[in-house]
Amino acid sequence: MISLAGRDILHAWGKFVFTGMGLGLLIGITLSMAGIYRGMVDDAKVLLDNSGADLWVVQKDTLGPYAEPSSIYDDIWRGIRGIPGVDQAANITYLTMQVSKKGGDVRVLVAGMTPGGPGIPGWPPYLVAGRQITRSHYEAVADITSGLKLGECIKLRRNHYTIVGLTRRMVSSNGDPMIFIPLKDAQEEQFLKDNDAIWAQRRRTAENPAFNRPGVPGLLGAIIASQSTNPYVNAILVRVKKGYDPEQVAESIRRWKRLTVYTRSQMEEIVVGKLIATAAKQIFMFLVILSLVSSAIVAFIIYTLTLGKIREIAVLKLIGTKNRTIVGLIMQQSIALGVIGFVVGKIAATLLMAPIFPKYVLLEPLDSVIGFIAVVVICILSSIVAIHAALKVDPAEAIGG
Amino acid sequence: MGDKGIQIMGLRKRYGSGNTAVEALKKVDMHVAPGEVVGLIGPSGSGKTTLLKCLGAVIEPTAGKMILGDDVIYDDGWKVKDLRVLRRDRIGFVFQAPYLIPFLDVTDNVALLPMLAGVPNAEARKRARELFKALDVEHRAKVMPSQLSGGEQQRVAIARGLVNRPPVILADEPTAPLDSERAVAVIRILNDVAKKFETAIIVVTHDGIIIPAFRRIYHIRDGVTYEEAGEGREFA
Ligand SMILES: Nc1ncnc2c1ncn2[C@@H]1O[C@H](COP(=O)(O)OP(=O)(O)OP(=O)(O)O)[C@@H](O)[C@H]1O
Ligand SMILES: [Mg+2]
């Protein structure tokens, strides 16, 4: 027996290839969408991985530091370091800002890290160029996707920083590149106002009789001094000693320090489940819509192709072709269209969309397999209308009038 | 007259029901012996196509009896289980329009029928090519149907009707798209085939040119058949 579907496709290959390519672009967008979602999740996980922390200690009852603002005193870490099971505890600050550089500006997540060198939680674990920060001020390490170059000078708020090292895959949960600066600088950037504002604040403090009491010398000076320092950080990254259960360590920090502590899996739940949940839902909606559009297109094309073959189908039935063979003819064509579309889509997603898309697109092999199965299933379902039409054809039609 | 070939006794067919019912066949009696080609002639709407559809097992008669070879296929109800297999193995069809499958080449258009019945591809194609020789389309065996002339297409369609060696061939105005010379040639081929393969052939026609080519003719009028005496009807 010969393959009727195959012969028909060869006969009308132009139609199949062009339709398949159109469908392929849709499938390519669908695959890219899935890739964007995977990329977002991966960005979030990378952020957690690269922080080098097992536990995140944050302001009580907040989802900080990534999903909600969190602020705690910068000396709490000392007490935490003394808790059994804690290997290292390091302050960290995060500040999202726009950094101007040559050729436009870029949105970055500025991390302020505790001095001490790589190995301290919060430090970039590896560099692709340059060196780690060695001075305690005005040096920065940037993610390579920021477009910053070694030796380049950037201005964050009031201060200038020199890029001394470049790292990679250090991104925020939004996919923004990170810039690492010393903690003290970062605390200042978060807090420090411009000169006019400082001057105005001092004046207001001096005018307040409660702060500027006659006969209490030094009070005003002390208050102003306390106003111009920032004793807060956003979180403490904790690394747990080998052999200790992070959840137990977290529990003792919660009990003794009255702070909220998240383990790695809880943090992942927050970042993936809450921070990027809306974006993920949008992408899921797009996936659904694109799948519906694709199946509508396949259904329409296959239906049209089948209607064009009604007479031949009547003849096939008249000469004793099994219904199964006719169903096979249509379904195989539908699947063939899907396979062409998938191949085109996969190529388009890999070569065209992933490299130029402004977000990280992670094309997982498993997603491709699922996508392929989905395409085949959609094609089979889409051919049902056409199959229904074909099975309704009366062999008597072939005999005519 | 043996009991082979086609025998139709008192066949009736009514389309629809109630007061929109059409009595397309009222009383059809026919007999076609193996090796014989008979013409079926009648005005438009007289029931010719309806009769072929009943015989071809694509519509169900209302009453009567049809015998194919030794088997009663219809006796106030179908007597064969699988009409599809009956059509595939025992009835050849030739239509007014050739209706070849456009995506199969000429050989496979014909070879498809034995293939559907489970004959291996090579053997099926061999059977097709043998027929092409007889029908003089050998040289066109590898082209697509769209590259054939109308006459060539019709001859390929005839080959398709013959390839499974059905004991019965039903042809509905097979010569309509052909010029008179070719039309006569087609009837000649059908006569040859009928003799060679002991086939019973019914040809529906309007075509005055080919009417003399039949040895026996049935007339049908308002769903009733009359046999015309075959005196002096000798195939030229
Ligand atoms: N499917 C149908 N439903 C109802 N009536 C039908 C149907 N098919 C045919 N008829 C009627 O049955 C009668 C016989 O039709 P048939 O097609 O057999 O005629 P015919 O002899 O083949 O005519 P022609 O030479 O024009 O092809 C006509 O009156 C026609 O209107
Ligand atoms: Mg007719």
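Naming convention: chains lettered A, B, ... in sequence-line order (proteins, then strands); numbering from 1 in each chain. Remember, predicted model here, so these are calculated numbers, not experimental data.
- The choice from B:Asp108, B:Val85, B:Leu52 that makes the most heavy-atom pairs within less than 4.5 Å of chain A is B:Asp108.
- Annotation: cation-pi geometry satisfied between A:Arg169 and A:Tyr360 (NZ/CZ under 6.0 angstrom from ring centroid, within 45° of ring axis).
- A donor and an acceptor atom, one from each side chain of A:Ser172 and A:Asn174, are nowhere located under 3.5 Å apart.
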Exercise. Dump the intermediate steps for side-chain contact (heavy atoms from CB on, under 4.5 Å) on B:Lys48 and B:His206, then the final yes or no.
Key: CA-CA 11 Å; B:Lys48 304 181 295 293; B:His206 269 126; 3.8 Å; yes
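- For B:Arg90, no part lies near chain A; criterion is any non-hydrogen pair under 4.5 Å.
- Panel note: side chain B:Asp76, backbone B:Gly64; a donor-acceptor pair is recorded below 3.5 Å.
- With a 4.5 angstrom heavy-atom cutoff, B:Ile101 touches chain A via backbone and side-chain atoms both.
- Looking at A:Lys322, both its backbone and its side chain come within 4.5 Å of chain B, counting heavy atoms on both sides.
- Both the backbone and the side chain of A:Leu4 come within contact range of chain B, judged by heavy atoms closer than 4.5 Å.
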Self-check item: Intermediate values then yes/no, side-chain contact (heavy atoms from CB on, under 4.5 Å), A:Leu318 and A:Val315
Solution: CA-CA 5 Å; A:Leu318 184 70; A:Val315 172; 5.5 Å; no
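- We find that A:Lys45 and A:Asp43 are not joined by a salt bridge, their nearest charged nitrogen and carboxylate oxygen being 4.0 Å or further apart.
- Only the side chain of B:Phe95 has a heavy atom closer than 4.5 Å to any heavy atom of chain A.
- With chain B as partner, the option from A:Gly320, A:Ala12, A:Ala314 having the largest number of non-hydrogen pairs under 4.5 angstrom is A:Gly320.
- Note that CD1 of A:Ile373 and CD1 of A:Ile378 are 12.0 Å apart. Values are rounded to the nearest 0.5 Å.
- When only modelled atom types and interatomic distance are considered, B:Tyr15 and B:Thr50 share a side-chain donor-acceptor pair under 3.5 Å.
- Only the side chain of B:Ile59 comes within less than 4.5 Å of a heavy atom of chain A; its backbone N, CA, C and O stay farther away.
- With a 4.5 angstrom heavy-atom cutoff, A:Arg7 touches chain B via backbone and side-chain atoms both.
- If you measure heavy-atom distances from B:Leu170 to chain A, you find no contacts under 4.5 Å at all.
- In this structure, chain A has heavy atoms under 4.5 Å from both the backbone and the side chain of B:Pro102.
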